Amino acid sequence: MNISQHFPILVIITLFTGAYLAPLAGLWKRKLCYPLAVLSALLSFLFSVVILLSVLEHGIIRYHVGGWEPPWGIELLVDPLSAFMALIVSFIGLLAVVYSKDYIAGEIPDKKLPAYYSLLQLIIGGMLGALMTGDLFNLFVMTEIFSISAYALVSIAQKKGSLIASYNYLILASVGTTFILFSTGFIYMVTGSLNMVDISQRLSALESPWVMYNGLILLVIGFAIKSALFPLHTWLPDAHSIAPSPVSVLLSALVIKVGAYSIIRSVFTVFGPGLLEQSGVVTIPVTWMASLGILLGSIYAITQTDIKRMLAYSSVAHIGYILLGIGLASTASMTGGIFHILNHALGKACLFFCAGAVLHKTGIRNVEEYTGLAGKMPITMIAFTLAAISLVGIPPTSGFMSKFYLAIGAYQESWIFLAVILLGSLLSAVFYFRVINLIYFGEPEHKSGVREQGAEIGGVVHRQPTTDNRREAPLTMLIPIIILALGSTLFGILVHIPLSVVEPAVKLLLGM
Amino acid sequence: MNPVVIRTVTRILVPFIQLFGFYIIVHGPVSPGGGFQGGVVVGASMILLALAYGAHEAESKVSHHVRIAMDSLGSLAYAGIGLLGIAAGGLFLQYNIIPLPLPPARVNGIMIFLIGVAIGVHIMALVLSLFLHTTEETEKDD
Amino acid sequence: MINLLPPNLPYFICITLLLIGLYTMIIKKSLIKKIMGLNIFSTSVFLFLISMAYRRGGAPPIKAEGVELYVNPLPHALVLTGIVVALALTSFALILVINIYKEHKTLDSEKLTKL
Amino acid sequence: MNKLNHLLVVIVLLAIGVMMSIAVLEMPEFADPDAPIHRHVAPRYMAMSYQETGVPNMVTAILADYRGYDTLGELTVIFAGGVAVLSILGGKRKK
C-alpha cells in the first residue's frame with residue numbers, strides 16, 4: 001500500500017498536528033514554534049504538489065476516511081480544481097509562515113508567539129480541509145476552523161480598533177456559517193444524505209424545487225459572506241487592513257478565495273451539472289453583485305489613503321472578477337475566473353507582503369509617503385510594481401491572461417459585463433499607478449514630520465525610522481516577495497502551465 | 001455574605017460532580033454522553049471550586065501549563081489514534097484494521113472509548129481555561 | 001385541536017427563532033445583545049436539525065433488545081458538533097467584548113464605529 | 001440606525017422568512033417515518049452500527065467512528081477557540 005495514497009488527509013493532519021504542538025512547544029521553548037510551523041507548512045506544500053500531479057495523471061482522488069464508504073462515512077474528494085486551490089493555499093501559506101518570523105517580532109509580544117503560530121497553521125489547515133472535503137457538513141466544520149482562527153488572527157496584535165474589526169468580522173461571518181449549517185439541514189431533509197456527489201444525484205430526482213432553491217440560496221449567501229461578495233463585504237476592509245501583514249495576506253489572498261471555491265462547489269458539485277439551468281436562481285444575482293463589487297470596490301480603493309485599506313478594497317473588486325467568471329458559467333468565463341484566483345492570490349499576497357515590509361522597515365502606511373521609496377527599498381518596490389501591473393491586467397503579466405479569458409466569457413454573455421471588466425481595470429489602474437508614480441517619480445519632501453504621523457495610524461508607533469536609507473527588509477521577508485513577484489510575471493508568459501490545470505477543472509465542473 | 005455555607009457545600013459536592021463527569025465520559029459508548037459532555041461537567045466542577053474559593057484555588061489545582069498540556073495532548077491523542085490506522089496499513093481513522101488480539105468490532109469499541117477520553121481531557125482543561133482567563137481579565141480591571 | 005395546527009409547526013417555530021436571532025444581531029446596538037442574537041440564531045438551527053431527526057414511534061438511538069425503530073441518530077451527531085462550534089465562537093466573542101469594553105468603556109456599537 | 005434602515009432590515013428578514021416557509025411547506029411532514037432522511041443513510045446506522053463498531057450508542061458510533069473526521073474537526077474548532085482566547089489575553093499592554 002502506497003503512502004502517497006494518504007496525502008489528501010496528511011496534508012491537513014500535518015498542519016493540525018503542528019498547531020496542536022505549538023502551544024506545547026511554547027511551554028518548553030518559544031523559539032521552537034517557528035521552525036515547527038515552517039516544517040509542517042513545508043510538508044503540506046510538498047504533499048499538495050504530489051496530489052496535484054497525481055490528480056492530473058490519474059483523475060479524481062477519493063479517500064474514504066475511516067474506511068466507511070461515502071454516503072455513510074466522510075469522503076475526501078480531490079478533483080483538479082481542489083488540487084489546484086490546495087497548491088495555491090499551501091504555497092502562499094508556507095510563504096506567510098516564513099515571512100512571519102521577523103515581521104511578527106515587532107508586532108506582537110513574545111508571549112503570544114505559540115498562539116500565533118498555532119492559529120496560523122490552523123487557518124491554513126482549515127482552508128485545505130475545506131478544499132479537500134466531499135462532505136457538506138465537513139465543509140461547514142472546516143469553514144468554522146479557519147474562520148475562528150481568522151477572527152483571532154485579526155485581533156492578535158491588539159492595535160487600536162483591531163478588536164472591533166475582529167468582532168464585526170465574527171458577527172457577520174458567523175451569520176454566514178450558520179446559514180451554511182441551516183442549508184445543510186434543508187438539503188439533508190430532502191435528500192437524506194450529506195455527501196456532495198450523492199446529494200447531487202438525489203436532488204435531480206426531486207420533484208419540488210423550492211427546498212432545493214432555498215438550500216442553494218442559503219448556502220451561497222453563507223459563502224458569499226465568507227468571500228466578501230459586494231453588499232456583504234463590510235467586514236473586509238477593517239479586518240484585512242488592521243491584521244498583521246502575513247495575516248492580511250492569508251485573509252486577502254486565500255480565505256476569500258476559499259469562500260469563492262465553496263460557492264463553485266455548492267453550485268457545480270452539490271447541485272451538479274444536471275441542475276445548471278435551475279441554478280440561475282443564484283448565479284444571476286451573484287453575477288450582478290460581482291459586477292457592482294468590481295466597480296464600487298475599485299472606486300472605494302481610489303479614495304483610500306492607507307495602503308493596506310486600499311489593497312483590501314481592491315480585494316473586494318477582485319473577488320468580483322472571480323465570482324463574475326463563475327456566475328456567467330461558460331467555459332471561457334470559468335477558465336478566467338479560476339485562473340484569476342491564482343493571479344489575484346499571487347499578486348495580492350505580494351502587494352501585502354511589500355506593504356508589510358515597508359511598514360516593518362519604515363512604519364509608513366500612508367500612500368502619500370511612498371514618495372521616493374524606490375531609492376531605499378529597490379527590490380521590494382520592483383516587486384510591488386510587477387504585482388500591481390499584474391493585478392491591473394497589463395499584457396506581459398498573468399493578470400492580463402485571466403482578464404482576457406474573463407472578457408471573452410463576458411462578451412459572449414453581454415456587453416455590459418465586458419464594459420464592467422474594462423472599466424474596473426481602468427479604475428484599478430488609477431490607484432495602482434498613483435502609488436507607482438509616487439514610488440518612482442514622487443518628490444521626497446517634508447519627510448520626518450509626516451512620517452511620524454503615518455506611523456501613528458496603526459495605533460502604535462511601529463518603529464523609529466532608521467537612519468540609513470538603503471535598507472531592504474530581512475531575507476525571510478524579501479524571499480517570499482521576490483518569489484511571488486516572479487510568479488505573477490512568469491505565469492503570464494508560461495501561461496500554459498496554470499491553464500493545463502484550470503481547463504480540465506472547468507470541463508469537469510461544467511460536466512463536459 | 002458569609003461564604004462558609006457555599007464553601008462547605010462546594011467541598012462536599014465537587015468530588016461527586018467529578019465522579020459523575022468521569023462516569024459520563026467512560027459511559028459514552030453505552031449511554032447518552034461522551035467526551036464532550038463529561039469533559040464539560042468535570043470542567044464545571046473546577047469552575048465551582050473557583051467560584052467558591054477564588055480563582056487561585058482552581059489555578060493551584062490545575063495550573064496554566066498543565067491545562068495547555070492537557071489541551072494539546074488531548075488533541076494529539078485523537079490525531080494519533082487516527083494515524084494508527086494509516087500505520088496499520090488502513091485509512092485514516094480506520095480502527096478495525098489496528099492489530100489487537102480482539103475481534104474487529106471490539107477494537108472499534110476500544111478506540112471509540114479512547115477517543116472519548118481524549119476529548120474529555122481536552123474539554124475539561126479548555127472549559128476551565130476559558131472561565132479562568134475571562135475572570136482574570138475582569139478582575140485585573142478593578 | 002391538535003389537528004388544526006400545521007403539520008410542520010416545529011419547523012416554522014425554528015424559522016421564527018431564526019428571524020428573531022437575526023433581527024437581534026442586526027438591530028440591537030449592544031455588543032452583548034448581538035452575541036445573544038447569535039446564540040438564538042444558532043440554537044434555531046440546532047432545533048431544526050433535532051426536530052427533523054424525530055420519527056413517529058422512534059426510540060432513542062441506543063441499541064436495545066427488541067427495538068427496531070429508532071429516531072435518526074445522524075442529526076444528533078451533527079448538532080453535538082454544532083453546539084461545540086457555537087461554544088467556541090461564543091467564548092471568543094465574549095472575550096473580545098470584555099477587551100473592547102476595557103479599551104473603549106462602551107458597548108454601544110454606534111459609538112464604537114465613530115471612534 | 002435610522003427608520004429607513006430599520007424598515008429595510010425587516011423587509012429583508014421577512015423575505016428570508018417567507019422563502020424558508022415556502023420551502024418548509026414542501027418538506028416532508030414532521031415526524032413522518034417515511035421521510036427521505038429516515039430511508040436513505042440512517043437505516044444502516046440503526047441496523048449495523050452495533051455489529052460494525054461494537055458500541056450500542058449510535059450517536060457515539062457516528063460521532064467517533066463513521067464521522068470521526070468531523071469530530072476531529074470539531075475538536076480542532078474548540079482548540080482554535082481556546083488558542084484564540086489565549087491569544088487575546090497573553091501579554092496585553094498596560095495603559
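Just so it is clear, the values below take in all heavy atoms, side chains as well, and ignore hydrogens, waters and symmetry mates. Predicted model only: the values in this text are computed from it and were never measured.
The contact between I119(B) and chain D is made by backbone and side chain atoms together, counting heavy-atom distances below 4.5 Å. Looking at I110(B), there are no atoms closer than 4.5 Å to chain D (heavy atoms on both sides), in backbone or side chain. Proximity to chain D involves both the backbone and the side chain of S75(B), based on heavy atoms less than 4.5 angstrom apart. When heavy atoms are compared at a cutoff of 4.5 Å, I81(B) does not approach chain D at all. Looking at T71(D), the atoms closer than 4.5 Å to chain B (heavy atoms on both sides) sit in the backbone and in the side chain alike. Heavy-atom distances place the backbone of S31(B), and not its side chain, under 4.5 Å from chain D.
Atoms CG and NE2, from L75(D) and H122(B) in turn, are 4.5 Å apart once rounded to the nearest 0.5 Å. The distance from atom CG of N96(B) to atom OG1 of T53(D), rounded to the nearest 0.5 Å, is 10.5 Å. Between the CZ atom in R67(D) and the CG atom in L93(B) there is a gap of 12.5 Å [rounded to 0.5 Å]. Interatomic distance, F79(D) CZ to D71(B) CG, rounded to the nearest 0.5 Å: 6.5 Å.
Highest contact tally toward chain B, considering only D65(D), L63(D), T76(D), V83(D), is held by D65(D) [criterion: heavy-atom pairs under 4.5 Å].
Atom CZ of R106(B) is surrounded by 12 or fewer heavy atoms from other residues, nucleotides or ligands within 6.0 Å. Residue R39(D) qualifies as open at atom CZ: its count of foreign heavy atoms under 6.0 Å is 12 or below.
Listed by sequence position, G28(B), P29(B), V30(B) are the residues of residues 19-30 of chain B in contact with chain D, using a 4.5 angstrom heavy-atom cutoff. Residues of residues 35-54 of chain B having a heavy atom under 4.5 Å from any heavy atom of chain D, listed by number: F36(B).
A donor-acceptor pair under 3.5 Å is formed between the side chain of N108(B) and the backbone N or O of E52(D). Looking only at distances, a side-chain donor or acceptor of Y78(B) sits under 3.5 Å from a matching main-chain atom of G68(D).
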Does H64(B) form a side chain to side chain contact (heavy atoms under 4.5 Å, CB included) with L86(D)? I'd like the steps, not just the answer. CA-CA 11 Å; H64(B) 180 66; L86(D) 281 182; 3.7 Å; yes
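F113(B) has its side chain out of reach of T60(D): every pair of non-hydrogen atoms, C-beta onward, lies at least 4.5 Å apart.
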